[in-house]
Each structure stands twice: as structure tokens, then as C-alpha cells.
Amino acid sequence: MDYKFKQIEEKWSKAWSDTEIYKVGEDPNKKKFYVLDMFPYPSGAGLHVGHPLGYIASDIIARYKRLNGYNVLHPMGYDSFGLPAEQYAIESGQHPAITTKKNISKYRKQLDKIGFCFDWSREIQTSSPNYYLWTQWIFKQLFESYYCNIENKALPITQLIEKFKSDGNKFINSPCDKNTPNFCSKDWNLWSEEKQQKILLKYRLAYISETVVNWCEDLGTVLANDEVKDGFSERGSYPVTQKKMKQWSLRITAYSERLLNDLESLDWSESIKEMQKNWIGKSEGLKLSFEIYGFKNQKIEVFTTRPDTIFGVSFIVIAPESKYTEIVTTTKQKNKIQKYCASSSKKSEKDRQTNNKKYTGIFSGSYAIHPITKKKLPIWISDYVLGSYGTGAIMAVPCGDQRDWEFAKKFKLKIPNVFSNVDTNEKAYTEKSATITDSDFLNNLDVPSAIKKAISYLNNKGLGTVQTNYRLRDAVFSRQRFWGEPFPVYYKNNIPYMVEDKKCVKLPKIDKYLPTKDGEPPLARANKSDWNIFKGDRMEYNTMPGWAGSSWYFLRFMDPLNKSSFVDIKKSDYWNQVDLYVGGAEHAVGHLLYSRFWTKFLNDRGFINFNEPFKKLLNQGMILGRSNFVYRKKGTNTFITYEKISKFNVSKVHVDIELVKNDILDLNKFKNWRSEYRNSKFLLNENGKYRCGFEIEKMSKSKYNTQNPDSLIEKYGADTLRMYEMFLGPIEQFKPWNTNGINGVHNFLKKFWKLLHHDHKFSVNREKLTTEEEIIINDCIKNVTKDIDKLMFNTCVSHLMTALNNLIKLKCNKYKVVKDFTRLLFPFAPFISSEVWEMLGEKELINDSGWPKYKMNLGELRPINLPISFNGKYRYNIDIDQSLSIEKIKEIVSSNPKTIHYLGSKKIKKIIIVPKKIVNIVF
RNA sequence: GCCCAGAUGGCGGAACUGGUAGACGCGCUGGAUUCAAAAUCCAGUUCUGGCAACAGAGUGUGGGUUCGAUUCCCACUCUGGGUACCA
């Protein structure tokens with residue numbers, strides 16, 4: 001009988017769904033285990049082969065833990081708000097909800113085929129009002145909270161109001177907007193409701209601030225960084241500028257220190273923790289004030305971590321967008337400066353930091369005064385300084401900072417050297433091991449002592465204050481889009497208020513999914529009657545960002561149908577933290593940091609009883625795809641073939657790999673792909689073809705390089721796909737997709753099936769095991785168990801293969817062996833294992849049949865093979881008894897004729913024996 | 001630019017805490033079976049030289065530590081991810 005995977009897989013899929021075998025509930029008698037995948041965004045392209053990689057890994061763990069007696073929560077859902085659906089809606093006019101629904105059902109079908117043990121009764125969709133009602137609710141809690149630095153937690157805003165009433169804000173130690181005034185209780189109590197609200201907004205964890213966005217005038221909309229290529233929009237190639245806009249922000253910076261410290265308690269890879277640490281970017285330093293020459297009361301504040309180099313300052317640089325720019329601009333320089341600021345507003349932050357070989361800048365016309373030497377320092381404006389970090393101004397120390405050095409060289413500014421015995425003529429000295437010189441009271445000190453001394457000196461003189469700075473910025477929480485969570489917010493006299501009670505503000509109907517003519521977000525198109533809730537003068541037009549729904553979904557899975565609360569605290573107490581969270585390393589910072597922030601916040605306010613969401617993290621490496629590119633001549637609709645791009649100024653645009661064969665573009669398909677390409681022109685190569693460029697990069701719908709698993713399942717079955725994806729390599733490693741080896745895994749399953757069949761009938765042998773057979777299965781149990789615990793799924797598959805090969809050699813189909821082997825195989829290939837289990841005649845479900853146990857010492861007394869090396873080079877090996885003493889081994893080895901041969905005329909200096917490992921003869 | 005990874009045969013990868021580099025699988029070569037093919041089975045397969053025994057080289061590059069380095073240290077190269085509005 002052949003291995004008919006299709007029949008088997010259909011049979012068990014049906015059985016599992018009919019019996020709801022994966023449905024779980026709280027069970028106080030069992031240990032719980034919560035294993036979660038990062039839920040997918042349901043794109044139109046469907047599931048690609050990269051998605052299941054993580055899902056298969058988590059599925060193996062879920063099944064393994066259940067076999068070990070745990071009550072396992074393993075849910076799945078969809079992160080279903082997002083740009084692609086909206087983009088499709090703009091093009092087709094179809095409501096994103098319809099597209100999303102279609103895509104989800106496609107995903108579901110694909111997921112079901114792979115045989116995952118998800119509890120689908122817990123499915124959630126972030127775009128469903130039943131879900132985003134609670135996303136809105138959490139936002140409201142953030143709005144209704146402030147952060148107290150004394151209690152070091154978020155508290156209800158009502159407590160702050162009480163304090164304002166009695167003492168004003170004199171004793172308040174809370175993060176707030178920079179422009180918050182000082183006031184007393186009298187002020188507060190006299191203020192109008194409006195004025196009070198304005199002040200409160202400066203303290204709330206959700207507040208309104210002015211931030212910079214990518215503005216595309218021609219499209220009349222804000223673009224994601226992803227949609228901007230070299231200063232032009234990816235769609236249509238229109239110019240993009242930076243524009244300030246009022247937006248909701250979340251005060252994540254209040255949590256900087258806790259987000260940093262609590263990393264220690266997490267079982268995450270050091271590299272991910274390192275990335276988060278660097279993202280938070282804590283630095284301790286000094287805030288210094290520089291007076292502006294000729295202005296009595298105007299000062300420029302800078303932040304520096306190197307006050308030891310204070311005597312090396314030769315100029316000041318401010319960011320073009322900084323608040324100082326206006327002050328220091330002199331009439332003479334005004335025109336030039338405005339031009340410069342306009343040109344740098346076209347650059348993205350990344351460009352400003354990347355193109356640092358081409359420093360640009362302009363002299364402001366003003367000077368600052370050195371706080372100690374009282375020397376005049378020219379003030380320059382340059383976009384290598386960012387307005388968003390620190391104070392938006394720096395003291396430039398060209399001898400100690402490479403960027404300042406490059407800038408000084410380019411604009412012929414002085415480079416005073418404050419380091420002894422170091423040459424700073426060729427480059428800056430950025431290490432910290434020199435001695436300070438030419439620096440008055442800091443002379444002859446090493447860097448750390450000089451830093452200390454400089455701090456205390458400047459602090460005592462009132463010239464600077466010690467400050468801890470974080471690179472982390474507050475999170476912008478508004479998007480000028482349609483397909484996202486609407487805010488539960490309305491405006492009265494331009495002051496935002498929350499919609500009360502637990503009602504959901506639903507997305508209103510609108511005629512088009514585009515911004516309005518005045519550049520307002522799409523929701524501004526809705527009439528009053530289009531909103532299910534309308535209050536005040538108008539509703540909020542922005543929607544929430546993609547990460548809103550994903551920042552708390554792991555909590556909703558615990559209690560997905562709850563109508564009175566986002567999650568019942570008894571349930572969140574039971575399921576608690578996610579024990580294992582599996583997902584792509586590309587989320588290393590964004591999603592994981594935001595989730596940690598929301599968890600801490602909800603914990604502060606007493607809604608849950610833990611303050612970190614994910615105990616252990618497994619970052620699966622991405623499956624990489626091969627992307628194709630076309631090259632558009634900048635600002636035109638002409639595409640240049642790959643061979644000729646060096647002659648033009650082009651921007652690189654992803655093209656769907658479906659439209660390309662062997663890197664040659666199908667021009668007709670391309671023209672029909674998107675409306676904007678309909679009238680494209682092409683510059684072809686000598687053969688009259690358009691050749692695309694290619695790159696290996698992450699597999700993603702936005703890169704149009706996805707490959708889907710359906711045809712593989714059709715051809716080989718889900719068990720094979722599951723095992724193959726695991727067999728590809730270590731789960732954390734990045735790997736390009738290719739299907740070359742898949743029949744090896746398929747063969748393995750066929751061989752297993754064949755071993756259990758004789759003359760087309762299932763048969764197993766009931767005899768007792770020989771020692772050899774016992775060792776084979778024992779080793780297999782031992783190796784698979786160890787590696788599954790280490791999440792090394794690829795070697796698990798190898799161990800199963802090795803064991804099977806050995807069993808086939810012995811023609812061993814004995815019941816005891818088959819029973820254990822089947823259970824070992826089950827997490828990896830659940831379909832075939834369930835079928836074999838049934839054929840073995842077992843009564844209980846394989847899912848709960850327990851995990852086989854291995855014997856520790858079996859085979860320990862076998863003779864072992866000991867390699868003998870000479871000066872570290874392996875030459876030959878001997879079989880010896882494991883119980884032999886070191887002395888005895890020495891004797892055997894030195895008298896071996898091969899040893900004498902390899903030594904020749906030389907004498908042994910030393911023999912190193914590592915028991916059970918190696919012998920090294922040094923001569 | 002900055003932060004984080006990775007690099008081992010023709011290919012995917014293995015090698016526990018520094019101890020026989022190449023497990024397992026693909027591919028390839030030869031053979032068995034077959035009218036033939038598919039499927040299956042057996043043997044071989046890092047490279048160079050050699051009929052072979054064997055010898056030499058070899059884990060991105062260049063150095064270092066060590067009796068011994070894919071593994072530890074230093075300096076580079078290339079590839080990938082993130083870089084705050086893709087998710």
C-alpha cells in the first residue's frame with residue numbers, strides 16, 4: 001500500500017475539526033503553557049512559505065507540551081488593518097473590509113491545510129469592531145492617565161487634577177510637554193475648563209503634539225517612509241517634503257528606564273535585547289547653555305556626553321528645524337538660510353545621517369559664547385544634527401567626533417586638539433584612552449576623570465546640569481488613513497474629548513478612500529450622519545497606526561469573546577505571560593517594544609498582573625525571496641532596462657515576480673499591473689527585451705517576491721512541507737527559499753510507511769527488542785527530546801531520519817519501537833502519525849499519549865572510538881573500552897605501531913588525553 | 001551612516017562547554033531491477049595529486065591565543081534585517 005498523504009490528511013483534518021480537539025479552557029489542575037505566533041497581516045497574495053516557518057515551530061512546541069501534560073493555549077488571528085488593503089481600495093473602490101474578509105478566508109484555508117493545532121474558537125481580527133472597541137478603550141485609559149516619576153508608574157489623571165487643585169504643579173514630578181508653564185493652585189482653580197484641559201493634555205500619556213511627516217503635495221497625502229524612494233513617492237514619482245502636523249502621540253518615553261531595566265528578566269536572545277537597548281539609547285551627560293553673542297537672554301542648550309572636551313569646542317551646530325534657527329538667523333544670511341532649510345526638509349532623517357560624506361550647512365551669521373573661555377564660537381546650521389534628538393543643537397568638538405571633524409574640514413573651521421600625543425589632522429580621535437591637554441583645569445587627566453571633573457565644575461558654576469538622555473522618542477499614534485482604528489475622540493473648540501462609555505466608534509462610510517482636497521485625512525469625507533457616534537464640533541479624522549492592535553492582542557486571546565472587559569483578570573492571571581513567542585526578527589524593536597509598553601501600562605493601572613508580555617522569544621529567521629526590480633528614470637514614466645541604468649538617474653522599484661521570467665519583464669502584464677503603469681515607456685536592451693535587476697531580500701508582499709505553499713502541499717502533502725521547512729536549517733537563521741531538497745523529506749515519510757507494510761497490509765512485529773534496536777530508539781528519544789527543548793528542529797528531523805535508516809537496515813518494525821517513534825514524529829508530522837497510531841490500535845488519542853522517556857545509561861559501556869592526533873593533526877583511531885584508565889590508554893597509544901610510524905625519529909614531549917574525546921601526542 | 005545578525009563541499013546544513021570538519025538531506029557518478037521509463041534498492045561523492053595505500057590543502061579574508069580553533073580575541077570584506085508612517 002502506498003503512502004496516500006492526501007487521503008490521510010483530509011481524514012484527520014476533518015476529524016480534528018469535528019471533535020474540536022484543540023479547544024482549550026482554563027484548567028487549574030494543569031500547568032498552563034501559552035505559545036503564540038506573531039499573527040499575520042492577511043495580504044491579497046495569501047500565505048507565503050515564510051509565514052509557516054514560525055507557525056510550524058510553535059505548532060511543534062504546542063503539541064510537544066501537550067504530550068508532556070500541559071494545558072496549551074495556542075491561538076491564531078489576523079492583524080487585519082493595514083496599508084495594502086487601503087491602497088487596493090483606492091485603486092478599485094472596493095471597501096477594505098471586503099478585501100480583508102476575502103483574504104482572511106484564503107489564509108484560513110491555507111492554514112488549515114498545514115494541520116496546525118490552533119484553537120480557532122479564539123480567533124481575533126484587529127479590524128473587527130468587537131476587537132477595536134477595546135483598542136480604543138486602552139487608548140482612552142492612556143488618555144486618562146499620567147506618569148508619576150515618584151511612584152514610578154502610570155496613575156489616573158484624576159489624581160493629578162486633585163494635586164493641581166491643592167498645590168498647582170509645583171510638586172509634580174511627571175513627564176510632560178517641554179512648554180508646560182509653572183502654576184499654583186489659585187491659577188488652576190481660576191482657569192476655564194478649556195484652559196485646564198489644555199494643561200492636562202501636556203501630562204496625559206496620550207497627547208497631541210506637532211511632528212514631522214512625509215508630505216506629498218501631488219498625492220495630497222502623507223506617505224509612509226516605505227512609500228518614499230529617494231525623496232520621491234514610489235507611486236507616481238512625485239516629490240515628497242517634510243511637513244509638521246498635529247498628531248496624537250503616546251508618552252512611551254516615560255517608560256524608558258523600565259523598558260531598559262526589565263530586559264534583564266527576559267529570556268530573549270542577547271542580540272534582540274541589545275537592539276532594544278540601543279533603540280532606547282540611554283546616555284548620561286550634561287546639558288550646557290551657550291549664550292548667544294549680542295542677545296542677553298537667549299541661550300542655546302546643547303546635550304553632550306563628553307564634557308571633558310569642552311575646551312575643544314570650536315563651533316555650534318543647530319538643526320535646520322530647531323527652534324533656535326529663527327533666533328540666530330541674521331538678516332544678511334536670511335535668504336540663504338531659508339533656502340537651505342527648504343532643501344533639507346526634502347531629505348529623510350535616514351538620508352541626513354547616511355550621506356555624511358557630503359556634509360552640507362550654512363553659517364547663521366551669529367556667534368555663541370564659550371561658557372568658560374568666553375571665546376566667540378560661530379553658529380552653523382546643518383542637517384547632520386537632528387531636531388528630534390537631544391536639544392536639536394550640539395557643541396561641535398571636531399578633534400573628538402568624526403562628524404564634527406568632517407564638517408570642520410569641509411567648511412574650514414578650526415580643529416583645536418585637546419588630546420595629548422594624538423594626531424587629529426587626519427581624523428578625529430573618538431576613543432577614550434588619551435590624556436586631556438590644552439584644557440585649563442582638565443589638563444593631564446584621563447577621559448573618565450576629566451568627564452567627572454568637568455561635570456562637577458560646570459554644575460557648580462551653574463553652567464550645566466546633569467541629564468540622562470534617551471534616544472527613544474514618543475510614539476506618533478496618528479495616521480492619515482482610512483483603514484485603521486478610528487479614535488474614540490471628538491473635538492469641542494479644538495480641544496479633544498473622549499467618547500464616554502464602552503461604545504465603539506466605528507469607521508464611517510465614505511465615498512472615496514482618498515484624502516480631501518484640503519489634505520485632510522479620508523475620514524474628513526464622512527458626514528455627521530455617517531458616524532455611529534458623533535459628538536462635539538467634529539470627530540477625530542486620523543486613525544491609529546498598524547501597531548495599535550498588535551500591541552495587546554496576546555491578552556485578548558485569553559478571553560476573546562468578553563463583552564464587558566478587554567480581558568477578565570482571572571483569565572489573564574491563569575494564562576499569564578506568553579511562555580514562548582515566535583516571530584520574525586524584523587519586529588525586534590517596533591512591535592516588541594510597543595507591546596512591552598502597553599503591558600506595563602495596563603499593569604500599572606491594575607488591569608493585569610504582570611508587566612512583561614513575552615517571557616521567551618524565538619525569532620525565526622526570515623525566508624528570503626528573490627525580488628525583481630524595474631528602474632524608472634526619475635520624475636518620468638520611462639523604465640530603463642538593467643543593462644543601461646548606469647547612464648541615467650533612476651529610482652529602483654519592486655516589480656511582482658509573477659510578471660517576470662528569468663529576469664525578463666513581460667511588458668504587457670506590467671502595463672496592466674497598475675493603472676499608473678498603463679502608459680509606461682521602456683528603454684530596452686539589444687535583444688529588444690526589458691531585463692530586471694534582482695536581489696535576495698526578505699519575502700514580503702510589499703516586495704512582490706512571495707512564493708506560496710499550496711502547490712507543494714498538493715504535490716507532497718502537509719506533513720512533508722512541515723518537516724521540510726524545519727529541515728531547511730536552524731529556525732533563527734535567514735535562508736533563501738528553494739525546494740531542492742523536499743523529496744528527501746518526503747522519501748523519509750514514504751520509507752516509514754513502507755516499513756510498516758508487508759504485502760500491502762499494515763503489520764508490526766510484537767517481539768521483544770534486541771539491545772541494538774533498543775539503543776537505536778533510545779538514542780532517538782534522547783536526541784529529539786534534547787533538541788526540541790533547544791528549539792533545534794532541523795536536527796530533530798535528522799535524528800528521526802538516522803533512526804529510521806538504522807531500523808530499516810535491521811528490518812525492525814517492532815511494536816514498541818514503532819509506538820515510540822510515532823509519538824516522536826507526531827509534533828512534526830501529525831497526520832501520518834495519527835494514522836499510524838490508529839493502525840497500531842491504540843485506544844487513547846496520540847495527542848495526549850505522553851512523550852517517550854529515555855534511559856540515561858543505555859549503551860554507556862560500549863567500546864568507543866578514540867581519535868589519535870599528532871600535534872593536533874588527526875592521524876588514526878583505536879577502539880577501546882570506556883573504563884580504561886588514562887595511564888593504560890597512554891601505554892596502548894604510545895606502543896601502537898602507527899604512533900611509532902608517525903613519530904619517525906622524533907621523541908614524544910607530552911601526551912594529552914581528554915577522556916572519551918581525543919588523544920593528542922605532542923612531539 | 002548607526003544598531004543587530006550571518007558566511008562551512010556543487011547545494012541546504014551538522015559539529016554538545018576549544019577535541020576525528022562535512023552528520024542528515026539534495027544533487028551528481030556507477031551498479032541492480034525493468035523491453036524501456038518512473039519508482040525502489042546498493043555503492044561512491046570536500047578539493048588537489050595518486051590505480052591504490054597515502055600525502056597535502058581546507059570552515060569569507062588577514063593576524064593572534066592554544067598541545068589543539070568552524071568554535072575564543074583583534075582588524076577587515078561581503079550578504080541580510082532594523083533605522084521610528086510596511087507589517
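Residue numbers begin at 1 in each chain, while the letters A, B, ... track the order of the sequences. The figures that follow rest on heavy atoms only: side chains count, while hydrogens, waters and symmetry mates do not.
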Show each protein N/O and nucleotides 42-48 of chain B N/O combination with a separation under 3.5 Å, one pair to a line.
none

Leu83(A) versus Arg481(A): any side-chain heavy-atom pair under 4.5 Å? yes
When you measure from the side chain of Arg352(A) to the backbone N and O of Lys347(A), does any donor-acceptor pair fall under 3.5 Å? no
Just how far, in rounded Å, is P of G12(B) from OH of Tyr724(A)? 10 Å
Using atom OH of Tyr3(A) as one end and atom P of U40(B) as the other, report the distance to the nearest whole Å. 14 Å
Step by step, would you call Tyr724(A) with Tyr716(A) a ring-ring contact (aromatic ring centres under 6.0 Å, His included)? CA-CA 10 Å; Tyr724(A) 181 60; Tyr716(A) 299 102; 8.6 Å; no
Length of the line joining Lys751(A):NZ and C24(B):P, which is rounded to integer Å: 11 Å
Under a 3.5 Å cutoff on both atom distances, Watson-Crick or G-U, what's the dot-bracket for RNA chain B ([ ] crossing, | other strand)? (((((((..(((......[....)))((((((.......))))))((((....))))..(((((..]....))))))))))))....
Roughly how many Å apart are G10(B) and C16(B), using the P atom of each and rounding to a whole number? 23 Å
Going 5' to 3' through nucleotides 75-87 of chain B and flagging B where a protein heavy-atom sits under 4.0 Å of the base, S where only the sugar-phosphate is that close, and - otherwise, we get -----SBSBBBBB
With a non-hydrogen cut-off below 4.0 angstrom, is Lys273(A) in contact with a base, only sugar-phosphate, or nothing? nothing
Between Asp2(A) and Trp753(A), does a side chain to side chain contact (heavy atoms under 4.5 Å, CB included) hold up when you go through it step by step? CA-CA 8 Å; Asp2(A) 290 338; Trp753(A) 191 258; 5.7 Å; no
Gap between atoms NZ and C1', on Lys754(A) and A39(B) respectively (whole Å): 9 Å
Could you tell me whether Tyr902(A) contacts a base, only the sugar-phosphate backbone, or nothing, with contacts defined as non-hydrogen atoms closer than 4.0 Å? sugar-phosphate
Taking atom C1' in both U8(B) and G58(B), compute the distance separating them and give it to the nearest angstrom. 10 Å
Between Lys750(A) and U40(B), does any side-chain N or O lie under 4.0 Å from OP1 or OP2? yes
Can you tell me whether the base of G9(B) sits syn or anti, using the 90° cut around 0 to define syn? syn
Test ring-ring contact (aromatic ring centres under 6.0 Å, His included) applied to Phe554(A) and Tyr581(A), step by step: CA-CA 10 Å; Phe554(A) 50 92; Tyr581(A) 192 38; 7.4 Å; no
Pairwise 5' ranking along RNA chain B for Ile272(A) and Arg875(A), keeping only the more 5' one: Ile272(A)
Does Arg403(A) come within less than 4.0 Å of Glu406(A), counting only side-chain N to carboxylate O? no
Tell me: CD of Glu732(A) to P of G12(B), nearest whole Å? 18 Å
What is the distance, to the nearest angstrom, from the OH atom on Tyr876(A) to the P atom on C54(B)? 14 Å
Would you check if the side chain of Lys282(A) reaches a backbone N or O of Ser256(A) as a donor-acceptor pair within less than 3.5 Å? no
For Leu866(A), give me all partners under side-chain contact (heavy atoms from CB on, under 4.5 Å), at least two apart in sequence or on another chain. Ile878(A), Ile880(A), Ile889(A), Val919(A)
Would you classify Lys909(A) as touching base, sugar-phosphate or nothing, given that sugar-phosphate means primed atoms plus P, OP1 and OP2, and contacts are heavy atoms under 4.0 Å? nothing
Identify all pairs in which a protein N or O lies below 3.5 Å from an N or O of nucleotides 27-31 of chain B, and state each distance.
| residue | atom | partner | partner atom | Å |
| --- | --- | --- | --- | --- |
| G27(B) | OP1 | Asn743(A) | ND2 | 3.4 |

With rounding to the closest Å, how many angstrom separate the C1' atoms on C47(B) and G9(B)? 8 Å
Figure out the NZ/P separation between Lys735(A) and G6(B), and round it to whole Å. 13 Å
Counting the atoms with a prime plus P, OP1 and OP2 as sugar-phosphate, which does Lys277(A) contact under 4.0 Å by heavy atoms, base, sugar-phosphate, or nothing? nothing
Using a 4.0 Å heavy-atom cut-off, write out nucleotides 14-21 of chain B from 5' to 3' as B (base contacted by protein), S (sugar-phosphate only) or - (no contact). SSB--BB-
His746(A) NE2 - A38(B) C1' separation (whole Å): 14 Å
